[in-house]
Undergrad: 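I have a structure here, written as structure tokens, and I will follow up with some questions on it.
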Amino acid sequence: MASMSDLHDPLLRWYDDHARELPWRGPQASAWSVMVSEFMLQQTPVARVLPVHEAWLARWPTPADLAAEPVGEAVRAWGRLGYPRRALRLHAAAVAIVADHGGEVPSSYDDLRALSGIGDYTAAAIATFAFGRRHVVLDTNVRRVLARVVQGVELPAPAVTKAEREVAAELLPLDEPTAATWSIALMELGALVCTATRPRCEACPVRDACAWRAAGHPPYDGPPRKVQTWAGTDRQCRGRLLAVLRDDPGPVHRSRLDAAWTEEAQRVRCLAGLVADGLVVPAGPDTYALP
DNA sequence: AAAACGTGGTA
DNA sequence: TTACCAAGTTT
């Protein structure tokens, strides 16, 4: 069993030396900037978030700025980040922040958690990284790092377990600012060194305390991890249809959507789904637009 | 509790 | 080229 100092001191020191400079990090970043980044980073790599985040903050520097616009503008500005419902939810969260929190991003976990699009991870992340609160921040990076270093396995279980949460809670430093740095350092290590494939163990600051390394890097042997299919799926169809709307300034005729996806039954079903989700609105007898 | 939900980079 | 993966949330 590794002692606390075997992990904490080397990792905190490593973060101090190797942390990337990102626009949503550091004392100059607003809570809103942090919140926008967390929405965009849900399942989307940093490199693709960077330019969209910058444009977003330039256009909507506060929640009130976004809340004042039609939600369709948020969907359009979301661009090709993927999972466009996140844009809907971010807009809804901005509206709620104006209505219920005086236009300021709330600082408590519970208030954050109550906003649309904010689950356990994002609430903890915003409370921690924007406000310095002390919460367990358990994202895919942290889970992987702890699975390896503490549990000695290559990858964590498909879903978060109680044991995992307990390990993370025990390791979280008591001091608030240190807890925040610890969490972001764990995430950074997972993103840069302790990666899902081909981890750079030789560059790892906690390799001497790593249970997975000590065990000889045994391969993952848990339940099979499901692979997302893509070609021909509703997800791809929805993406195509929404791209047509997004790339055109005004309402578009149904024929434009028909041209984007040949299989009719699926196209009709997906368009109905987009409308039901609030990502698309009928704008006339045969035209559609962003909301 | 499992499935749905986008997109593009990398090996 | 196919497979895997990327700071999850919702139903």
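Just so you know, these numbers use all the heavy atoms, side chains as well, and skip hydrogens, waters and symmetry mates.
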Undergrad: Between A:Arg198 and A:Gly79, which is nearer to the 5' end of DNA chain B once each is assigned its nearest nucleotide?
TA: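 Result: A:Gly79.
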Undergrad: Expressed as a whole number of angstroms, how long is the span from A:Arg86:CZ to B:dG6:P?
TA: 9 Å
Undergrad: Pick the nucleotide of DNA chain C nearest each of A:Asp139 and A:Ser116; which residue has the one closer to the 5' end?
TA: A:Asp139
Undergrad: Expressed as a whole number of angstroms, how long is the span from A:Trp230:CH2 to B:dG8:P?
TA: 9 Å
Undergrad: For A:Gly82, answer base if it contacts any base atom (sugar-phosphate contacts may also be present), sugar-phosphate if it contacts only those atoms, and nothing otherwise; contact means non-hydrogen atoms under 4.0 Å.
TA: base
Undergrad: Take atom P in C:dT9 and the same atom in B:dG9, then report the distance between them in whole Å.
TA: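 Per the computed distance, 25 Å lies between those P atoms.
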Undergrad: Mind calculating the distance between CZ (A:Arg80) and P (B:dG8) to the nearest angstrom?
TA: 4 Å
Undergrad: Run the ring pair (Phe, Tyr, Trp, His ring centres under 6.0 Å) test against A:His101 and tell me which residues pass, sequence neighbours left out.
TA: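 Residues passing ring pair (Phe, Tyr, Trp, His ring centres under 6.0 Å) with A:His101: none at all.
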Undergrad: Under 3.5 Å, is there a donor on one side chain and an acceptor on the other for A:Ser33 and A:His53?
TA: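 Yes, because at least one side-chain N or O of A:Ser33 sits under 3.5 Å from a partner of the opposite role on A:His53.
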Undergrad: I'd like to know whether A:Glu188 forms a salt bridge (charged side-chain N to carboxylate O under 4.0 Å, His left out) with A:Arg25, so could you lay out the CA-CA distance, the side-chain angles of the two residues, the decisive distance to 0.1 Å, and finally the verdict.
TA: CA-CA 12 Å; A:Glu188 194 77 337; A:Arg25 278 188 190 163; 2.6 Å; yes
Undergrad: Output the residues of residues 14-27 of chain A in contact with DNA chain C, where contact means a heavy atom of the residue under 4.0 Å from an atom of the strand; sort by number or write none.
TA: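 Result for residues 14-27 of chain A: A:Arg20, A:Leu22, A:Trp24, A:Arg25, sorted by number.
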Undergrad: For A:Val137 versus A:Met187, what's the shortest heavy-atom pair and its separation?
TA: CG1-SD, 3.9 Å
Undergrad: Could you check which residues of residues 240-269 of chain A get a heavy atom under 4.0 Å from DNA chain B? Sort them by number, please.
TA: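 Per residue number, the list reads A:Arg246.
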Undergrad: Applying salt bridge (charged side-chain N to carboxylate O under 4.0 Å, His left out), run through A:Arg213 and A:Asp208 and close with a yes or a no.
TA: CA-CA 8 Å; A:Arg213 179 171 181 264; A:Asp208 292 337; 3.8 Å; yes
Undergrad: Tell me whether A:Glu176 at atom CD has more than 12 heavy atoms from other residues, nucleotides or ligands lying less than 6.0 Å away.
TA: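 Check passes, neighbour count above 12.
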Undergrad: Side chains of A:Ser255 and A:Asp258: do they bring a donor and an acceptor to under 3.5 Å?
TA: no
Undergrad: Using the C1' atoms only, state how far B:dA1 lies from C:dT10, rounded to an integer number of Å.
TA: 12 Å
Undergrad: Can you list, by residue number, the residues of residues 33-52 of chain A that have a non-hydrogen atom closer than 4.0 angstrom to DNA chain B?
TA: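 Heavy-atom contacts with DNA chain B come from A:Gln43, A:Thr44, A:Arg48.
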Undergrad: How many angstroms lie between atom OG1 of A:Thr44 and atom CZ of A:Arg80, to the nearest 0.5 angstrom?
TA: 12.5 Å
Undergrad: Identify whether any heavy atom of A:Gln228 sits under 4.0 Å from a base atom; if not, whether one sits that close to sugar-phosphate; answer base, sugar-phosphate or nothing.
TA: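 A:Gln228: base contact, heavy atoms under 4.0 Å.
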Undergrad: So, the side chain of A:Trp32 versus the backbone of A:Trp60: is there a donor-acceptor pair under 3.5 Å, distance only?
TA: yes
Undergrad: Between the side chain of A:Trp212 and the main-chain N/O of A:Gln151, is any donor-acceptor distance below 3.5 Å?
TA: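 No, because the side chain of A:Trp212 does not come within donor-acceptor range (under 3.5 Å) of the backbone of A:Gln151.
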Undergrad: Using atom C1' in both nucleotides, what's the gap between C:dT1 and B:dG8 to the nearest angstrom?
TA: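 Approximately 15 Å lies between the C1' atom of C:dT1 and that of B:dG8.
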Undergrad: With no hydrogens and no angle check, is any side-chain donor or acceptor of A:Arg113 less than 3.5 Å from a backbone partner on A:Ile118?
TA: yes
Undergrad: Taking the C1' atom in each of C:dC5 and B:dG6, what is the distance between them to the nearest angstrom?
TA: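 One C1' to the other, the span is 13 Å.
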Undergrad: Tell me the interatomic distance from A:Leu279, atom CG, to B:dT7, atom P, rounded to whole angstroms.
TA: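 Rounding to the nearest Å, CG of A:Leu279 and P of B:dT7 are 11 Å apart.
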Undergrad: Round to the nearest Å and state the distance from A:Trp78 atom CH2 to B:dG8 atom P.
TA: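 Answer to the nearest Å: 14 Å.
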Undergrad: When you check the side-chain N and O atoms of A:Gln43 and A:Arg86, is any donor under 3.5 Å from an acceptor?
TA: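 No, no side-chain donor-acceptor contact under 3.5 Å.
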Undergrad: What is the 5' to 3' range of DNA chain C, first to last nucleotide, that sits under 4.0 Å from any heavy atom of chain A?
TA: C:dC4 to C:dT10
Undergrad: What class does the angle between the rings of A:Trp182 and A:His8 fall in, given that below 30° is parallel, 30 to 60° is tilted and above 60° is perpendicular?
TA: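 The rings of A:Trp182 and A:His8 lie parallel, inter-plane angle below 30°.
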Undergrad: Ring pair (Phe, Tyr, Trp, His ring centres under 6.0 Å) with A:Trp261: which residues, sequence neighbours excluded?
TA: none
Undergrad: Heavy atoms only, 4.0 Å cut-off, all strands: where does A:Ala125 land among base, sugar-phosphate and nothing?
TA: nothing
Undergrad: Find the distance A:Asp277:CG to B:dC5:P and express it as a whole number of Å.
TA: 8 Å
Undergrad: Take atom C1' in B:dC5 and the same atom in C:dA6, then report the distance between them in whole Å.
TA: 15 Å
Undergrad: If the plane angle is over 60° it's perpendicular, under 30° parallel, otherwise tilted; pick one for A:His18 and A:Trp14.
TA: parallel
